[in-house]
Number of protein chains: 2
Amino acid sequence: MAQSDTVDRILDAAEELFAERGFSETSLRMITSKAKVNLAAVNYHFGSKNALIHAVFARFLTPFSATLEKAFDELEESCGDQPPTLNQTLWALTESAVRMPQRNEKGISIFMRLLGLAYTQSQGHLRKFLEQEYGDPFSRFMRLLKAATPQLSAVDRYWRIQFMLGATAFTMSSSDALRDILQNKTGVETSVQEIAMRLVPFLAAGMQAEDTMLVPPKGSKVSVA
Amino acid sequence: MAQSDTVDRILDAAEELFAERGFSETSLRMITSKAKVNLAAVNYHFGSKNALIHAVFARFLTPFSATLEKAFDELEESCGDQPPTLNQTLWALTESAVRMPQRNEKGISIFMRLLGLAYTQSQGHLRKFLEQEYGDPFSRFMRLLKAATPQLSAVDRYWRIQFMLGATAFTMSSSDALRDILQNKTGVETSVQEIAMRLVPFLAAGMQAEDTMLVPPKGSKVSVA
DNA sequence: GTCTGTTTTAAACATACGTTTGAAGCCAAT
DNA sequence: ATTGGCTTCAAACGTATGTTTAAAACAGAC
């Protein structure tokens with residue numbers, strides 16, 4: 001609560017509403033009324049709705065990318081001249097995400113959902129903003145992946161990275177809903193940490209799959225182009 | 001052009017625009033002007049924008065689910081009393097999708113993107129519509145997956161299916177863009193069929209991953225809850 | 001206490017949206 | 001030629017959006 005800082009109250013409300021409903025589906029009036037501030041406050045403090053969206057991402061992503069860079073530094077150092085393994089790389093990313101200081105109990109899952117939305121909901125301005133602001137740690141992650149999977153051809157690696165991104169972004173972007181469904185069906189509670197721990201082995205196994213299965217089973221009508 | 005059927009022209013334009021920009025970000029005015037029909041035509045022929053969205057999905061999904069049911073029938077028959085394997089099940093789905101008669105060269109990739117959007121862009125009405133209309137083949141697919149992965153716990157299977165859906169929907173939904181990137185970087189051409197053939201082994205491997213990796217590598221600070 | 005710059009407020013603005021209306025157009029059957 | 005049922009059309013409706021305005025409230029410095 002503190003001294004009722006308007007800017008933070010707006011960011012908190014926006015973060016939550018964006019995650020629940022998406023960007024275009026969330027109006028400034030929803031945000032300001034949830035934040036209990038005047039409608040004009042958003043344009044006064046941020047300039048525009050798009051700038052507010054950027055600010056929501058920056059508030060999480062700036063400290064996160066710093067944490068991630070540090071984790072990669074440590075990892076590479078501890079490996080000496082050997083490149084880190086695939087598992088180590090994926091875990092470094094996962095831990096950096098999970099261990100981020102969280103504003104509230106929902107914390108990380110809200111942000112995962114936002115990242116997923118950023119990817120799927122093709123808001124040009126957001127894509128450009130993220131690329132420009134946080135392209136470096138992303139490229140570094142890509143370089144680590146390349147070193148960790150030397151057995152893959154460039155084309156194979158390219159596609160499998162897309163598959164990984166997809167599984168992650170998609171799952172995280174609806175993780176709340178998915179968790180609720182599972183909760184209702186089986187009574188099992190699932191934390192974001194647990195999802196991540198299930199996701200990593202899945203991704204690692206897929207990434208390292210033998211492509212002997214590339215040939216369809218006999219009788220299949222799909223032909224190799 | 002045939003006899004300039006307004007309904008089809010609207011469906012074509014809507015399908016393409018929805019896939020490009022999402023549902024809320026596509027206005028009826030964009031659709032009708034792309035389709036070169038009057039604005040009121042949508043409400044006249046479909047009743048509402050939501051009903052138009054449903055119609056776009058139904059036009060593809062109805063024949064597809066019929067094809068898929070047939071493919072599952074054949075598969076189960078050819079297997080006798082043995083349940084189909086994971087690979088067979090995934091291939092049956094893939095082939096049904098790939099072999100659908102396509103209206104144009106983009107065909108399937110447009111529709112994959114729409115399916116991805118339907119999942120992420122949480123449009124309540126769409127979710128309800130799809131569940132109600134096409135829940136049966138989906139449940140059947142789930143049952144086949146369950147029979148093909150008896151070694152997995154229900155919870156593991158649940159999450160891994162989500163990961164599969166994610167990798168698929170995400171990759172396919174942006175496959176055009178991804179293909180172009182790869183084309184520019186390496187000069188390699190990739191068809192949707194080829195993507196599918198790379199995807200299936202990835203999914204199968206992830207699905208069947210040993211979960212011994214569930215324990216983080218030593219030195220990790222992530223604890224099992 | 002007055003002044004100065006910042007923040008908040010209520011109101012309005014301009015624009016875009018989905019939807020509705022009622023007249024006009026069309027085309028086959030009478 | 002006239003009727004009757006679809007279909008198209010231009011125009012308008014009501015509502016919601018992001019943004020701007022100008023006055024009011026506030027805070028700290030002098």
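Each chain gets a letter, A, B and so on, in the order its sequence line appears, and its residues count up from 1.
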With respect to the phosphate group of [N], does any side-chain polar atom (N or O) of [X] fall under 4.0 Å of OP1 or OP2?
X      : N       : answer
S48(A) : dG18(D) : no
H45(B) : dC6(D)  : no
T6(A)  : dT8(C)  : yes

**Q.** Sugar-phosphate, base or nothing in reach of T26(B), heavy atoms under 4.0 Å
**A.** sugar-phosphate

Q) NA contact type, A40(A), heavy-atom cut-off 4.0 Å: base, sugar-phosphate, or nothing? A) base

Nearest to the side chain of [X] - [options]?
X      : options                   : value
M30(B) : dT8(D), dT19(D), dC17(C)  : dC17(C)
S27(B) : dG18(C), dA12(C), dT21(D) : dG18(C)
N38(A) : dT8(C), dT8(D), dT20(D)   : dT8(C)
Y44(A) : dT8(D), dG18(D), dT6(C)   : dT6(C)

Q) Using the ring of each side chain (for Trp, its six-membered ring), is F129(A) parallel, tilted or perpendicular to Y134(A), with breaks at 30° and 60°? A) perpendicular

Q: Name the orientation class of the two ring planes belonging to F57(A) and F111(A) (parallel below 30°, tilted from 30 to 60°, perpendicular beyond 60°).
A: perpendicular

Q) Relative to the 5' end of DNA chain C, which residue comes earlier, K36(A) or R29(A), by the nucleotide with the nearest heavy atom? A) K36(A)

Q: Indicate yes or no: does R143(B) engage E76(B) in a salt bridge with an N to O separation below 4.0 Å.
A: no

Nearest-Å distance for atom pair [atom1]/[atom2], residues [X] and [N]:
X      : N       : atom1 : atom2 : answer
F46(A) : dG18(D) : CZ    : C1'   : 15 Å
L39(A) : dG18(D) : CG    : C1'   : 8 Å
D5(B)  : dC26(C) : CG    : C1'   : 15 Å
L28(A) : dA10(C) : CG    : P     : 17 Å
N43(A) : dT20(D) : CG    : C1'   : 8 Å
L17(A) : dG18(D) : CG    : P     : 12 Å
R21(B) : dA16(C) : CZ    : P     : 13 Å

Q. Shortest non-hydrogen contact from V42(A) to S48(A)?
A. CG1-O, 4.3 Å

Q: Search all heavy atoms of M197(B) against all heavy atoms of W91(B) and return the closest pair with its distance.
A: CG-CH2, 3.4 Å

(Q) Using the rule side-chain contact (heavy atoms from CB on, under 4.5 Å), only one of M100(B), E95(B), R99(B) pairs with T67(B); which is it? (A) M100(B)

Q) Among residues 49-57 of chain A, which residues get a heavy atom nearer than 4.0 Å to DNA chain D? A) K49(A)

Q.
Under 6.0 Å between ring centres: does that hold for F170(A) and F163(B)?
A. no

